[in-house]
Every structure is written in structure tokens, then in C-alpha cells.
Number of protein chains: 2
Amino acid sequence: MSAATPSNHPPLLAEAPAGADTRTRIRHAAARLFARRGYAGTGLKQVATDAAAPFGSIYHFFPGGKDALAEDMIRTTGPQFMALVLGLLEERADPVEAVVHAFDSAAEELVADSYADGCPVATMALDVADTNEPLRRAAADVFAEWLDGGTAWFSRHVARDRARDLALAMIMLTEGAFLLGRTTRDPGPLRAAGRTMGTLVQSALDATPRGPRSR
Amino acid sequence: MSAATPSNHPPLLAEAPAGADTRTRIRHAAARLFARRGYAGTGLKQVATDAAAPFGSIYHFFPGGKDALAEDMIRTTGPQFMALVLGLLEERADPVEAVVHAFDSAAEELVADSYADGCPVATMALDVADTNEPLRRAAADVFAEWLDGGTAWFSRHVARDRARDLALAMIMLTEGAFLLGRTTRDPGPLRAAGRTMGTLVQSALDATPRGPRSR
DNA sequence: GCCTGGCTAGAACGATCTATCAAGAGTGGC
DNA sequence: GCCACTCTTGATAGATCGTTCTAGCCAGGC
């Protein structure tokens with residue numbers, strides 16, 4: 001949708017900017033901790049500490065407490081993450097090169113931050129899928145948005161039903177690759193996922209005989 | 001490796017058999033809770049309750065406490081899960097049909113247990129990747145075993161380097177599909193992952209000109 | 001009959017968790 | 001200069017966490 005300049009992206013889940021107000025400092029700190037340690041593994045006290053904010057301020061800005069903070073985090077970083085990926089895809093004209101490039105960039109970033117940050121939603125999604133219905137729905141909504149966004153992107157090159165499967169495969173490979181990469185401390189899975197996506201896109205293109213689009 | 005009969009498999013993460021001793025009851029209860037709620041989200045008191053075991057027995061059988069219980073769970077259910085998948089793959093002779101069938105079976109099972117149980121390792125792996133080094137290593141070891149096992153299976157049909165990428169893709173798609181399936185309460189992702197794996201295996205077969213094996 | 005060991009059973013401890021509360025600090029309107 | 005309001009603070013409550021500990025139960029060997 002929005003421009004997605006071919007420049008390098010700002011690090012998602014970074015610390016809050018220097019002079020940021022308390023609310024955004026809390027948001028950033030919570031996003032990092034939730035993404036790395038999950039819902040149950042993150043303590044609000046540590047959020048306050050990391051944010052250099054008074055403990056009570058969490059409840060001032062997020063009266064719903066931990067749940068509200070977590071839902072805000074899911075619904076905020078989810079679209080940001082999609083925008084980041086779509087931006088990476090935009091950096092190459094050829095769709096096969098684009099997906100390979102996107103995964104390679106993700107691999108570089110994973111190494112750069114010492115395998116700490118993967119997908120900001122996955123850890124929490126698995127954590128709460130069975131225990132916290134509102135958060136499960138929030139994560140489900142995010143995944144649905146990703147699927148729509150990905151389908152739209154691939155639809156520029158292949159038929160819509162094929163595009164949907166490609167988008168689904170891209171999301172699943174991304175999540176699986178981050179899981180393996182973070183656990184084994186190895187960027188290899190992300191690069192392999194890129195190769196795999198390249199193969200899939202090429203297959204879909206080959207099966208789309210009449211020109212690039214078939215809308 | 002082992003036989004892998006084409007019969008239906010016993011449910012992984014099931015309750016302990018009726019007359020099971022306390023140790024195995026604790027193991028089963030812990031496996032279920034850890035898989036569904038993650039490491040931080042699982043309380044030992046609830047493990048004892050679910051296992052119908054006295055609380056102190058947990059420390060009697062697992063002197064290492066929560067960590068020992070979790071590591072035992074990872075290293076036990078990990079290989080079981082691989083055996084289950086390899087067994088499903090064995091139920092179809094054609095490799096393309098085999099992968100599609102395996103994912104379709106997984107989809108059925110996910111629906112059957114109300115989207116509660118996915119991969120027994122993934123939830124914990126993401127939970128502890130940044131906070132608990134021994135458990136992270138245990139999960140990493142399990143993933144490495146899966147990769148070896150999967151590579152061996154695909155090597156029966158394609159060249160070894162191609163087989164490795166296929167195995168990697170299969171693991172990543174499985175994990176991603178379970179994540180999406182559990183979060184959105186929809187078996188669709190698992191079936192889509194099956195279709196995608198079918199495409200990938202077919203591609204690899206097409207690129208392996210001289211007969212099935214190329215050892 | 002007694003003793004030894006594995007196992008049961010749950011109380012108790014200190015730490016940590018989420019959430020609430022009351023009071024203080026700072027700021028802009030009038 | 002005073003009020004109204006937003007935000008800051010940290011103490012506190014009540015619950016739950018992982019872990020330890022002590023005591024009792026019960027079967028098998030001698």
C-alpha cells in the first residue's frame with residue numbers, strides 16, 4: 001500500500017527513541033519483552049524497568065493491564081512487520097529475486113541482533129492460543145491481514161488462488177524459519193526458506209502461461 | 001528406520017494410560033501442559049493436579065525440578081513426533097502423495113482435538129530461546145534430529161542436498177502451519193502446507209532426471 | 001516383628017506476580 | 001494565584017510461583 005521505499009528499514013522492536021514519552025517507552029519495552037519471552041514469561045515489573053518508567057504508569061496508560069498491553073503490542077507490531085516485509089519485497093523487481101532477497105535480509109538481521117528477535121507475534125500467539133481468547137483473536141486478525149496483504153502482492157504476478165497459497169506458504173515458511181533460526185542459532189533456515197519460496201514462485205509463474213497477470 | 005506400520009497412530013500428548021504409575025502420569029500431564037501453555041505458562045502445581053499425583057512426587061522423580069521436567073519432555077516427545085510424521089509418510093508410496101497425506105492427517109487431528117495440540121516442541125522453543133540455554137539446546141537438538149531424519153527420507157527420492165532443503169521446508173511449513181492453524185482455529189493452513197510440499201517434491205523430482213535415487 | 005527403602009502427602013518459605021491505591025509533581029487556563 | 005487535570009511514584013495487597021522439608025505410608029527382606 002504505502003510507498004515502501006527501497007531504503008533500509010528501521011529496526012522493528014528497537015528501543016524507544018531518546019526523548020520519547022513514557023507511553024511509547026512502555027510500548028517499545030513491552031513489545032521487545034513479549035516478543036522474546038512470550039506472554040506468561042514477561043513481567044510487568046520488568047517492562048517498567050526496561051522502559052525506565054514508574055510501575056504505576058503502565059496502568060495509567062493501559063488501564064486494561066497486561067492484556068491490554070499485549071493486545072496493543074500484537075495489533076501494532078503486526079502491521080509494522082508486514083510493512084517491513086512488503087518493503088523488502090519491493091526492493092527487487094523480479095518476484096523470484098524479491099522473495100529470496102527478503103529472506104536473506106531477514107537472515108542478516110537475525111544474526112545482527114544475536115538471534116533475539118524473530119516474528120513479534122508468533123511467540124505470543126503460541127503462548128496464548130489456548131489460554132487467552134482475546135489475545136488469540138488479535139493474533140488471528142494479524143495473520144489474516146498478512147494473508148490478505150501477501151495475496152495482493154503475489155496477485156500482481158500470478159492468479160489469485162495461486163497467490164493465496166504463495167502468501168500462506170510465505171507466512172508459514174517465515175514463522176518456521178524464525179523458530180528454527182532462533183532455536184538453533186543459525187541463519188541457515190531463513191536462507192533455505194528464501195530458496196524454497198523462490199522455487200515456489202517460479203513454479204507458479206511457469207503455471208501461469210499468459211503473461212504476468214491473469215486478473 | 002523402524003517399521004512404521006500403516007495403521008493409525010496413538011495420539012501424542014494423550015492422557016496417561018489408566019493404570020500408569022505416577023512417574024508416567026506426571027510426564028504425560030507435563031507434556032500436555034508445556035505443549036499448550038509453554039514453559040513459563042505452566043505451573044508445577046497444575047502438573048501435579050492434572051497428573052493426579054502428589055506435589056512432592058514431581059521432585060522425587062525429577063530432582064532437577066521444572067527444568068528437568070521440561071527437558072525430559074522435549075527430548076522425549078520430539079523423537080516421538082518425528083516417528084509419527086515418518087509413519088504418516090510411509091502410508092503412501094508416491095512421495096508427492098505421501099507429503100500431502102501427512103499434512104491432511106495432521107489437519108484432521110488438529111480439528112479433532114479442538115486446535116489444542118500442535119507441535120510439542122515449538123511453543124516451548126520460542127518461550128525459552130532467549131531465557132533458558134539448556135532447554136534451548138534441547139529443542140535445537142530435536143530440530144537437528146528431525147532434519148537428519150527428514151533428509152534421510154527425502155534422500156530415497158532425490159539428491160541429498162535437495163533432500164535437505166525439502167526436509168527443512170517440511171519442518172518449517174509444519175511449524176508455521178500449526179502456528180497459523182492453532183491461532184486462527186482453521187485446518188486450512190495445514191492442508192495448504194501439504195499442497196505446497198507436494199509442489200516442492202514434484203519440482204525436486206523433475207529436477208532429478210536419472211531415476212528415483214541419485215545416491 | 002522389625003527395618004529399610006521407595007513413594008506419598010502436603011505444609012511452609014521466600015520470591016515474584018498482577019493489580020490497586022493514595023498521594024505528590026508538574027502544567028496550562030483563567 | 002488558584003484550579004483542574006494529566007502524569008508520576010512507590011507502597012501495598014492478595015495470589016501464585018518454584019522449591020524445600022518433614023512426616024507418614026506401605027511393601028519386601030531378614
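Just so we're on the same page: letters track the sequence lines, and every chain starts at 1.
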* To do: Please determine, by modelled atom types, if Thr24(A) and Asp21(A) share a side-chain donor-acceptor pair under 3.5 angstrom.
  => yes
* Asked: With distance as the sole criterion, is a donor-acceptor pair present between the side chains of Ser155(B) and Arg160(B) under 3.5 Å?
  -> yes
* To do: Not counting sequence neighbours, list each pair that qualifies as a salt bridge (charged side-chain N to carboxylate O under 4.0 Å, His left out) and has a residue in residues 178-192 of chain B.
  =>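 Residue pairs passing salt bridge (charged side-chain N to carboxylate O under 4.0 Å, His left out), neighbours aside: Asp130(A)-Arg182(B).
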Side chains of [X] and [Y], heavy atoms from C-beta outward: is any pair under 4.5 Å?
| X | Y | value |
| --- | --- | --- |
| Phe154(A) | Met170(A) | yes |
| Tyr115(B) | Pro187(B) | yes |
| Leu69(A) | Leu44(A) | yes |

Send over the distance from [X] [atom1] to [N] [atom2], rounded to a whole Å.
| X | N | atom1 | atom2 | answer |
| --- | --- | --- | --- | --- |
| Gln46(A) | dC17(C) | CD | C1' | 12 Å |
| Ile58(B) | dC21(D) | CD1 | P | 17 Å |
| Leu44(A) | dT20(C) | CG | C1' | 13 Å |
| Asp21(A) | dT27(C) | CG | P | 15 Å |
| Lys66(B) | dT16(D) | NZ | P | 15 Å |
| Asp67(A) | dA19(C) | CG | P | 7 Å |

* Asked: Taking the inter-plane angle between the rings of Tyr39(B) and Phe34(B) on a 0 to 90° scale, is it parallel (under 30°), tilted (30 to 60°) or perpendicular (over 60°)?
  ->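 The arrangement is parallel - the two ring planes meet at less than 30°.
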* **Residue list, side chain to side chain contact (heavy atoms under 4.5 Å, CB included) with Arg32(B), at least two apart or on another chain** =>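 Testing Arg32(B) for side chain to side chain contact (heavy atoms under 4.5 Å, CB included), a comparison that skips the adjacent residues, returns Leu13(B), Glu15(B), Arg36(B).
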* **Leu126(B) vs Glu175(B), side-chain contact (heavy atoms from CB on, under 4.5 Å): CA-CA, chis, key distance, verdict** => CA-CA 11 Å; Leu126(B) 282 181; Glu175(B) 297 296 359; over 6 Å; no
* Asked: Under 4.0 Å: is that the gap between some side-chain N or O of Lys45(A) and OP1 or OP2 of dC17(C)?
  ->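 Negative; the distance criterion is not met.
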* Asked: Which value, rounded to the nearest 0.5 Å, describes the distance between Met172(B) atom CE and Thr196(B) atom OG1?
  ->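 Reported to 0.5 Å precision, the distance equals 12.0 Å.
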* Asked: Which parts of residues 32-43 of chain B get close to DNA chain D, meaning a heavy atom less than 4.0 angstrom away?
  ->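 Going residue by residue through residues 32-43 of chain B, the ones with a heavy atom under 4.0 Å of DNA chain D turn out to be Thr42(B), Gly43(B).
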* Asked: For nucleotides 4-9 of chain C, read 5' to 3', which letter fits each nucleotide if B means a protein heavy atom sits under 4.0 Å from the base, S means only the sugar-phosphate is that close, and - means neither?
  -> ---BBB
* **Qualifying ring-ring contact (aromatic ring centres under 6.0 Å, His included) pairs with a residue from residues 40-75 of chain A, counting only residues at least two apart or across chains** =>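 Checked against ring-ring contact (aromatic ring centres under 6.0 Å, His included) - neighbours excluded - no pair reaches residues 40-75 of chain A.
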* DNA chain C-proximal residues of residues 122-135 of chain A, any heavy atom under 4.0 Å ->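 Close to the strand, none.
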